[in-house]
Amino acid sequence: MPELPEVETVRAGLEGLLKDAVIVRVEPHRSGLRRPFGDLSALSGPVRAVRRRAKYLLIDAAKATLLSHLGMTGSWRIGDAPRAHDHLTLHLADGRRAVFNDPRRFGLAALLDAAGHHPVLAGLGPEPLDPAWDGAALRVALRGRKAAIKAMIMDQRIVVGVGNIYAQEALFRSSIRPQRPAGRLDLAACHRLVAAIKTVLNEAISVGGSTISDFVHAGGGTGLFQHRFQVYDRGGQPCVICGAALRRTAIAGRTTCWCPRCQR
DNA sequence: AGTCGCCCCTGGCCGC
DNA sequence: TGCGGCCAGGGGCGAC
Ligand SMILES: [Zn+2]
């Protein structure tokens with residue numbers, strides 16, 4: 001579910017709900033997800049901010065920072081009744097509860113270390129919406145790479161935040177065939193692709209991301225960008241530009257749709 | 001080193 | 001209706 005626009009939407013919602021609230025108790029409902037939670041008790045204290053890095057949320061409390069990844073099905077909500085797959089509850093001084101729920105348990109929750117680091121953050125590539133990330137930077141990162149360009153822009157060491165939806169949408173908008181060997185994109189193509197990635201991510205953020213089946217904002221709302229998909233999950237349907245039937249294949253194990261006429 | 005396949009896990013949907 | 005197979009927004013790991 002959550003790529004950069006969805007995580008950014010959750011970040012903004014959570015910050016509005018949690019900023020200046022005081023965490024009085026952290027209650028795990030299991031020992032961990034794909035990794036152990038570890039000792040989360042140092043999170044108790046006032047929430048200063050909620051940040052995002054790549055697809056990770058960082059909840060800054062006074063003495064510690066909680067790192068949270070939504071995996072495919074994770075969500076945060078201000079808790080009402082308990083639900084199946086609730087894994088972590090932050091009890092607040094005002095009586096509210098912030099609850100992390102994740103049916104597939106591909107997510108992550110852990111504290112940053114004293115230096116503000118965590119192994120999963122090491123080695124992450126540039127933020128796609130950073131003005132310093134441009135076509136020239138992408139071209140350097142792709143030099144000599146023979147893997148498909150779509151796999152490369154989904155590789156979080158090349159650029160962060162782009163997943164299976166926005167990779168397909170950005171490649172369509174920049175007229176690049178997803179399976180093209182990444183190292184063979186010229187500078188003009190890299191510029192077009194970077195511009196398309198920035199545009200599609202910003203558009204998606206502006207409408208609260210995409211809701212496929214279960215993605216919800218921290219406040220319970222849904223995204224709207226799914227109504228603007230031009231290729232994602234549209235295999236066999238007509239291209240919105242030329243009318244050709246969109247193709248569907250797998251690239252690096254992930255379903256990919258593209259237009260055989262518009263994308264080269 | 002780079003690339004690929006598999007695996008983690010639950011649930012929804014489709015065809016029989 | 002029930003059940004098996006397939007698929008899903010991510011990412012880490014081992015094997016070539
Ligand atoms: Zn087309």
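Chain A is the first sequence line, chain B the second, and so forth, proteins listed ahead of strands; every chain is numbered from 1.
Side-chain heavy atoms closer than 4.5 Å link hydrophobic residues (I, L, V, M, F, W, Y) into clusters, and following such links, even through other members, never connects A/W76 to A/V99. At a threshold of 4.5 Å between side-chain heavy atoms, the hydrophobic network of Ile, Leu, Val, Met, Phe, Trp and Tyr places A/L111 and A/L18 in one connected group. Note on A/L66: it does not cluster hydrophobically with A/Y56, by side-chain heavy-atom contacts below 4.5 Å among ILVMFWY residues.
In this structure, A/H69 reaches the C/dG11 phosphate: one of its side-chain N or O atoms is under 4.0 Å from OP1 or OP2. Phosphate contact (OP1/OP2 of C/dG9, side-chain N/O of A/Y166, threshold under 4.0 Å): absent.
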Give every pair of a protein N or O atom and an N or O atom of nucleotides 12-16 of chain C that lie under 3.5 Å apart, one pair per line with the distance.
from: C/dG12; atom 1: O4'; to: A/R34; atom 2: NH2; distance (Å): 3.2

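Residues A/F172, A/V231, A/I241, A/L246 make up the rest of the hydrophobic cluster containing A/V240, defined by ILVMFWY side-chain heavy atoms closer than 4.5 Å, directly or through other members.
Residue-level contact check: A/G163 touches the backbone only, with heavy atoms under 4.0 Å from sugar-phosphate atoms and none from bases. Looking at heavy-atom distances under 4.0 Å, A/R254 makes contact with a base. A/A147 comes within contact range of the sugar-phosphate backbone alone, with a heavy-atom separation under 4.0 Å but no base atom that close.
The ring of A/F106 does not lie on top of the base of C/dG11; it is either too far (5.5 Å or more) or too tilted (30° or more).
If you check C/dG10, C/dG11, C/dA8 against the side chain of A/R248, the one that comes closest is C/dA8.
Residues meeting the side chain to side chain donor-acceptor pair (under 3.5 Å) test with A/E8, sequence neighbours left out: A/R11, A/R52. Judged as a side-chain contact (heavy atoms from CB on, under 4.5 Å), and not counting sequence neighbours, the contacts of A/L17 are A/I78, A/R96, A/A218.
Using C1' as the reference atom, C/dG9 and B/dT3 are 23 Å apart when rounded to the nearest Å. Between the P atoms of B/dC6 and C/dC6, the separation comes to 13 Å (whole Å).
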Base-pair string, DNA chain B, Watson-Crick plus G-U, cut-off 3.5 Å on both distances, | for inter-strand, is .|||||||.|||||||
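Panel note: side chain A/R180, backbone A/R264; a donor-acceptor pair is recorded below 3.5 Å. A/Q168 places a side-chain N or O within 3.5 Å of a backbone atom of A/C257 that can act as its donor or acceptor partner.
Note: A/H118 NE2 to A/R35 CZ = 5.5 Å, rounded to the nearest 0.5 Å.
Looking at A/R77 and A/D86, a side-chain N of the basic residue comes within less than 4.0 Å of a carboxylate O on the acidic one, giving a salt bridge. Salt bridge absent: A/R51 and A/E15 never bring a charged side-chain N and a carboxylate O closer than 4.0 Å.
On the nucleic acid side, DNA chain B has its first and last nucleotide under 4.0 Å of a heavy atom of chain A at B/dG2 to B/dG11, going 5' to 3'.
Counting to the nearest Å, the P atom of C/dG11 and the CG atom of A/L108 are 11 Å from each other.
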